[in-house]
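A short write-up of the structure that comes next.
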Protein chains: 2
Amino acid sequence: MMSTVAAKDMVKVARNICDKTGNRLTETRQHVLEVLFELDTPVSAYELTEHYNLLIDSPIKTMSIYRILDFLESIRLVHRLRSINKYIVCHHSVGACHHKTPFFLVCKSCHCIKDLEIATEFVTAFLQQVEEAGFLSVGSQMELSSLCKNCQQSLEPNSPGDIHD
Amino acid sequence: MMSTVAAKDMVKVARNICDKTGNRLTETRQHVLEVLFELDTPVSAYELTEHYNLLIDSPIKTMSIYRILDFLESIRLVHRLRSINKYIVCHHSVGACHHKTPFFLVCKSCHCIKDLEIATEFVTAFLQQVEEAGFLSVGSQMELSSLCKNCQQSLEPNSPGDIHD
DNA sequence: AGTGTTATGTTATATTGTATCATTAGTCGT
DNA sequence: ACGACTAATGATACAATATAACATAACACT
């Protein structure tokens, strides 16, 4: 499998994390991470399986992909975008502070995403409210179902909900 | 189908909205709304189908439930919780201002939810950032994948991601 | 090497959601 | 009231997403 420089960096970070946390960065896991990195767009587990099998010699099945995605998510190298059932590598992992709380704007229509950099004090204040409510933020990410500029335009006006109130 | 007072209020609001927006609150749609209201907990479309068929005489299939949920969501009487693929009635609809942006804390583990009342200025500031990024918030709701108090306790410590950084 | 643990392979199945076309029920103009 | 149009539902099939369960392989430790 080819590896761009950046992909190698990603793998290096992954190896570091695994070393520190007593986990194993197996060849398969590394491959999954590399494929996801090269794709660099949200993909479903099944799409990822296809790409993996195009790029990597030894074939894999989706069951294994799911397991490895779970693992990579648990060490925070992959984000699971629950609102669209897709997965993407974490871009805050390579040579950057890892303690951000990514806020993904997810286009309901075309499934493109934007990783919004929201102000720290904003996040802090917000997480405090979460804590006060007795909840613990996990997954370290938020998603907002929205529409990107393109899809806003190609949408007809006057949806049922518009005249509300 | 039995109707508590509150359920009747809900239906009244629904009828109002439909009248204003030129939509029809059919018997089936009303029934779906009532069943959802009585359940008052997030349910999947299939669970809702089951409950509907227990409570209502004329049987329904999930396909129709999905269509009606779509409709009820479009007039903002139902929230679709995408992170857990479940649906719940909107509680901001009955005799209250409807322009809130609900923020649901969704427990990853037991799927209980808490509708967090976040400060208006908070939401406003946030939505401005969304707009600046060229996105339009739709669905008028946010979800945060989290853990409720109960599930926090029953979880073992030292998950793989813990020692990160 | 032997043993326990973790990761993967493999098959089957559960769960969630859509496409499509037929049928029924309203709506509107005449 | 009648026909024609549109909206809503019924019904069947299927696609897409995800998990369960058990077998095998790879690693880790003594």
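Basis for what follows: all heavy atoms, side chains included, without hydrogens, waters or symmetry-related copies. Quick note on labels: first sequence line is chain A, next is B, and so on, each numbered from 1.
Side-chain N/O atoms of Lys61(B) include none lying less than 4.0 angstrom from OP1 or OP2 on dT9(D). Between dT8(C) and Ser64(A), no contact under 4.0 Å exists linking OP1 or OP2 to a side-chain N or O. Using a 4.0 Å cut-off, some side-chain N or O of Thr26(A) falls inside it from OP1 or OP2 of dT8(C).
Each end of the helix from dA1(C)-dT30(D) to dT30(C)-dA1(D) gets its own axis, taken as the rotation carrying the C1' atoms of four end pairs onto the next four within a five-pair window, and the two axes meet at 30° to the nearest 10 degrees.
Taking atom CG of Leu81(B) as the reference point, atom C1' of dT16(C) lies 15 Å away to the nearest angstrom. Rounded to whole Å, the distance from CG on Asn23(B) to P on dA25(C) is 20 Å. One atom, NE2 of His111(B), and another, C1' of dT15(C), lie 12 Å apart when rounded to the nearest Å. Here dT6(C) presents its P atom at 17 Å from CG of Leu25(A), a figure rounded to the nearest Å. A straight line from CD1 of Ile60(B) to P of dT12(D) spans 15 Å, rounded to a whole angstrom. Straight-line distance from the CZ atom of Arg29(B) to the P atom of dA25(C): 15 Å, rounded to whole Å. The interatomic distance linking Asn53(A) (CG) with dG9(C) (C1') rounds to 13 Å, in whole Å. Separating the CD1 atom of Ile68(B) from the C1' atom of dG10(D) is a distance of 11 Å, rounded to the nearest angstrom.
Ser44(A) meets the side-chain contact (heavy atoms from CB on, under 4.5 Å) test with Tyr46(A), Glu47(A), Lys86(A); sequence neighbours excluded. In this structure, Thr26(A) has no side-chain hydrogen bond (donor to acceptor under 3.5 Å, both in side chains) partners at least two apart in sequence or on a different chain. Evaluation of the side-chain hydrogen bond (donor to acceptor under 3.5 Å, both in side chains) rule for Arg15(B) yields Gln30(B) as partners, not counting sequence neighbours. When the side-chain contact (heavy atoms from CB on, under 4.5 Å) test is applied to Ser64(B), the partners found at least two apart in sequence or on another chain are Ile60(B), Arg67(B).
Looking at heavy atoms from C-beta onward, Phe103(B) lies in side-chain contact with Leu144(B) at the 4.5 angstrom threshold. In this structure, the side chains of Arg82(B) and Glu143(B) come closer than 4.5 Å at one or more pairs of heavy atoms.
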Its contact letters, B for base, S for sugar-phosphate only and - for none at protein heavy atoms under 4.0 Å, make nucleotides 16-30 of chain D read -BBBBB-----S---
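Through direct or relayed side-chain contacts under 4.5 Å between Ile, Leu, Val, Met, Phe, Trp and Tyr, Val11(B) connects to Leu25(B). Cluster partners of Ile113(A) are Leu81(A), Ile84(A), Ile88(A), Phe104(A), Val106(A), counting Ile, Leu, Val, Met, Phe, Trp and Tyr whose side-chain heavy atoms approach within less than 4.5 Å, directly or via other members.
Judged as a salt bridge (Lys or Arg N to Asp or Glu O under 4.0 Å), not a single pair has a partner in residues 49-65 of chain A (not counting sequence neighbours).
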